Amino acid sequence: MAADVLTTLASSSVDLVPKGGLEERLAAGRPLRVKLGVDPSRPDLTLGHAVVLRKLRQFQDAGHVAVLIIGDFTARIGDPSGRSETRPMLTEEEIQANAATYFAQAGTILDVDAAEIHGNAEWLAELDTAEVIRLAATATLAQMLEREDFRERYQGERPISVVELLYPLLQGYDSVAIRADVELGGTDQTFNLLMGREVQRAYGQEPQVVLTLPLLEGTDGVRKMSKSLDNYIGLTELPDEMFGKLMRIPDGLIAKFLRLSTPLDPAEVDDVERGLTDGSLGPSDAKRRLAREVVDLYHGPGAGTAAEERFDLVHRQHGLPDDVLGVTVPAALFGPGDGATSVVYVPALLEALGLVESRSEARRLQSQGGVRMDGEPVAAEDIRVEGPPPGQLAGSIWQVGRRKFARLDGVETTEGSSPG
RNA sequence: GGGAGGAUGCCCGAGUGGCCAAAGGGAGCGGUCUGUAAAAUCGCCGGCGUAGCCUACGGAGGUUCGAAUCCUCCUCCUCCCA
């Protein structure tokens, strides 16, 4: 039983420091305090964030305490080196708003109500200079330069702000402040988490157990999933979007995604992996399973299958989906024709439908055959409309590329349309 | 404090007076193919109703018929010496 718990908690971890550390803590039989740092500058969560959150949930399920630390102090200070776009300076309100968004999304994975939540300004804002210096004394420059990122920049003669050297120590102080037993994070956080151990030691606490998890690649299959690289799958994305993006990940990542993003247990994933290797299971089928599982997880049981059906309709049968977003466009797009007819310029219409960013883009796409109305290619020209706009175009379904759709619902005489 | 170099489109990076809406690469997008994978292949990749115009090369001025390219000032960045 205890061994099972340990196996579950340690599953998919990359590093567990020290080796028997987790086992030892668990043996104490008390609820452990498991720390996870939250970046308040990025409120939108992706499947990448979910990897760590799901691990934290496992700890909760095993009776331990999730302690979430919002980095509000560092977010308020910003990074004066001015070269870190990942640490913009935020106002108190923005931090609050982002935190609220974060917890709303994290709530689909974690039991947020049972978690302990702190902003690190609670204690960091109180530190006086003497204390900061004491904190700084816990590490040497040589130790700092062990971090790959710093080392590379140092050797490459690129700047490293002194403040950046301070961040790992401040994060470590967070661990002291909440008396963390365990800290979770992606492998990119390894250095910081280990520094937490040093800081705790310096403050006479038993160093936390560090458990790192693999970084999930983004949809490009190469770089880490992140919002700024635009290769992410967001937890709040619509089922069809989610399903489609998952179908587009490279084959080589199917097993990893299954392991890190679905509730399947490791043995089951092993089976899938074996099947993929010996050819008894097609990559496409495995990917479908993955996509269904993930969509079910975030949109409820059955959502995956429903998304799959629509996916097949659109991408396999090249049909039109039945749930296209309806849009109304400004009546002014329809110019006078002769008599009872009027005229719309297709690129202008596509722009109003929100399918393209500019009319130039629409013309380009059209010249390459990328634009369809009700399934038929359309040229970049005027369409003559009978009767009051949108005339016979009412209810027409417009498509750009393989997977962008909009339905023309009608016109409005006054201001803007409601593009998707 | 002294000296040197740099800022170009989403990113990297050519370009030192007109031939520059700006080479090349990456990313991205569309077509074909397909399993919306990979690979391959063709094309696109500032805006404007399809014509030439407009806006663009850190910011502000200036020289010139003409400036991403020359001059002045400003802002920011990097390196070297101390």
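Source: prediction; values computed, not measured. Naming: A, B, ... by sequence-line order, numbering from 1 per chain. Heavy-atom basis, side chains included; hydrogens, waters and symmetry copies ignored.
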### Query
Base, sugar-phosphate, or nothing for A:S360, non-hydrogen atoms under 4.0 angstrom?
base
### Task
Would you mind reporting whether A:E351 and A:P347 have side-chain heavy atoms less than 4.5 Å apart?
no
Report all side-chain donor-acceptor pairs from residues 378-394 of chain A shorter than 3.5 Å, counting only partners two or more places apart or in another chain.
| unit_1 | atom_1 | unit_2 | atom_2 | d |
| --- | --- | --- | --- | --- |
| A:R384 | NH1 | A:T341 | OG1 | 3.4 |
| A:Q392 | OE1 | A:E386 | N | 3.1 |
| A:Q392 | NE2 | A:R384 | O | 3.0 |

### Query
Mapping A:H315 and A:R372 to their closest nucleotides on RNA chain B, which lands nearer the 5' end?
A:R372
Please report, to 0.1 Å, the donor-acceptor pairs under 3.5 Å made by any side chain of residues 236-247 of chain A, with sequence neighbours excluded.
| unit_1 | atom_1 | unit_2 | atom_2 | d |
| --- | --- | --- | --- | --- |
| A:E237 | OE1 | A:K245 | NZ | 3.2 |
| A:E237 | OE2 | A:G234 | N | 2.6 |
| A:E237 | OE2 | A:K245 | NZ | 3.1 |
| A:D240 | OD1 | A:R310 | NE | 3.0 |
| A:D240 | OD1 | A:R310 | NH2 | 2.7 |
| A:D240 | OD2 | A:R310 | NE | 2.8 |
| A:K245 | NZ | A:Y232 | O | 3.0 |

### Task
Searching all strands shown, indicate the nucleotide that pairs with B:G52 (Watson-Crick or G-U wobble; both distances under 3.5 Å).
B:C48
### N/O (side chain, A:R359) to phosphate O (OP1/OP2, B:G47) under 4.0 Å
no
### Message
Using the C1' atom as the point on both nucleotides, what is the distance between B:A22 and B:C57, in whole Å?
### Response
8 Å
### Task
Please state how far atom CG in A:D251 lies from atom P in B:U34, giving the value in whole angstrom units.
16 Å
### Student check: side-chain heavy atoms of A:L235 and A:L47 closer than 4.5 Å
yes
### Query
Is there a Watson-Crick or G-U wobble partner for B:G5 with both distances under 3.5 Å, and which nucleotide is it?
B:C77
### Query
How close or far is atom C1' of B:G43 from atom CD of A:Q366, stated in whole angstroms?
16 Å
#### Entry: Interatomic distance at P, B:A4 relative to B:C73, whole Å
14 Å
For nucleotides 27-30 of chain B, give me every protein contact, N/O to N/O, under 3.5 Å, one pair per line with atom names.
| unit_1 | atom_1 | unit_2 | atom_2 | d |
| --- | --- | --- | --- | --- |
| B:G30 | N3 | A:Q368 | OE1 | 3.2 |

### Task
Would you please name every residue forming a side-chain contact (heavy atoms from CB on, under 4.5 Å) with A:I133, sequence neighbours left out?
A:T129
### Task
With a 4.0 Å heavy-atom cut-off, tell me which residues in residues 378-392 of chain A come close to RNA chain B, sorted by residue number.
A:A380, A:D382
### Task
Please state whether the phosphate of B:C44, meaning OP1 or OP2, lies under 4.0 angstrom from any side-chain nitrogen or oxygen of A:S367.
no
### A:F243 CZ - B:G35 C1' separation (whole Å)
12 Å
Quiz: residues 107-121 of chain A side-chain donor-acceptor pairs under 3.5 angstrom, not counting sequence neighbours:
| unit_1 | atom_1 | unit_2 | atom_2 | d |
| --- | --- | --- | --- | --- |
| A:T108 | OG1 | A:Q105 | O | 2.8 |
| A:D111 | OD1 | A:D113 | N | 3.4 |
| A:D111 | OD1 | A:A114 | N | 3.3 |
| A:E116 | OE1 | A:R33 | NH1 | 3.1 |
| A:E116 | OE2 | A:R33 | NH2 | 2.8 |
| A:E116 | OE2 | A:H118 | NE2 | 2.8 |
| A:H118 | ND1 | A:E122 | OE1 | 3.1 |
| A:H118 | ND1 | A:E122 | OE2 | 3.3 |
| A:N120 | OD1 | A:D72 | N | 3.4 |
| A:N120 | OD1 | A:F73 | N | 2.9 |
| A:N120 | ND2 | A:D174 | OD2 | 3.2 |

### Message
Quick test of your reading: applying ring-ring contact (aromatic ring centres under 6.0 Å, His included), list the pairs with at least one residue in residues 314-369 of chain A, sequence neighbours left out, ordered by first then second residue.
### Response
A:F311-A:H315
### Query
If you look at every strand shown and take non-hydrogen atoms under 4.0 Å, does A:P250 touch a base, only sugar-phosphate, or nothing?
sugar-phosphate
## Note on the structure
Minimal heavy-atom distance between A:L350 and A:V371, with the atoms involved, is CD1-CG1, 3.8 Å
### Task
Return yes if the base of B:G35 and the side-chain atoms of A:D285 contain a donor-acceptor N/O pair under 3.5 Å, otherwise no.
no
### Summary
Applying side-chain contact (heavy atoms from CB on, under 4.5 Å) to A:E293 and not counting sequence neighbours gives A:T262, A:P263, A:L264, A:R289
### Query
For A:V132, what residues pass the side-chain contact (heavy atoms from CB on, under 4.5 Å) criterion, not counting sequence neighbours?
A:L127
### Query
Whole-Å distance between B:G47 P and A:E351 CD?
10 Å
### Task
Rounded to whole angstrom, note down the C1' distance from B:A14 over to B:U69.
13 Å
### Task
Please determine if A:D270 and A:R274 form a salt bridge, counting it only when a charged side-chain N lies under 4.0 Å from a carboxylate O.
no
### Query
If the C1' atom of B:A40 is compared with that of B:C33, how far apart are they to the nearest Å?
8 Å
### Query
Taking for each residue the nucleotide of RNA chain B bearing the nearest heavy atom, is the 5' side occupied by A:I249 or by A:Y345?
A:I249
### Query
So what does A:K287 touch, heavy atoms closer than 4.0 Å: a base, only the sugar-phosphate, or nothing?
base
#### Entry: Under 3.5 Å on both distances, the Watson-Crick or G-U partner of B:A14
none
### Query
Once you round it to whole Å, what is the distance between P of B:A37 and CZ of A:R316?
13 Å
### Query
So what's B:A27 paired with, Watson-Crick or G-U wobble, going by both distances under 3.5 Å?
none
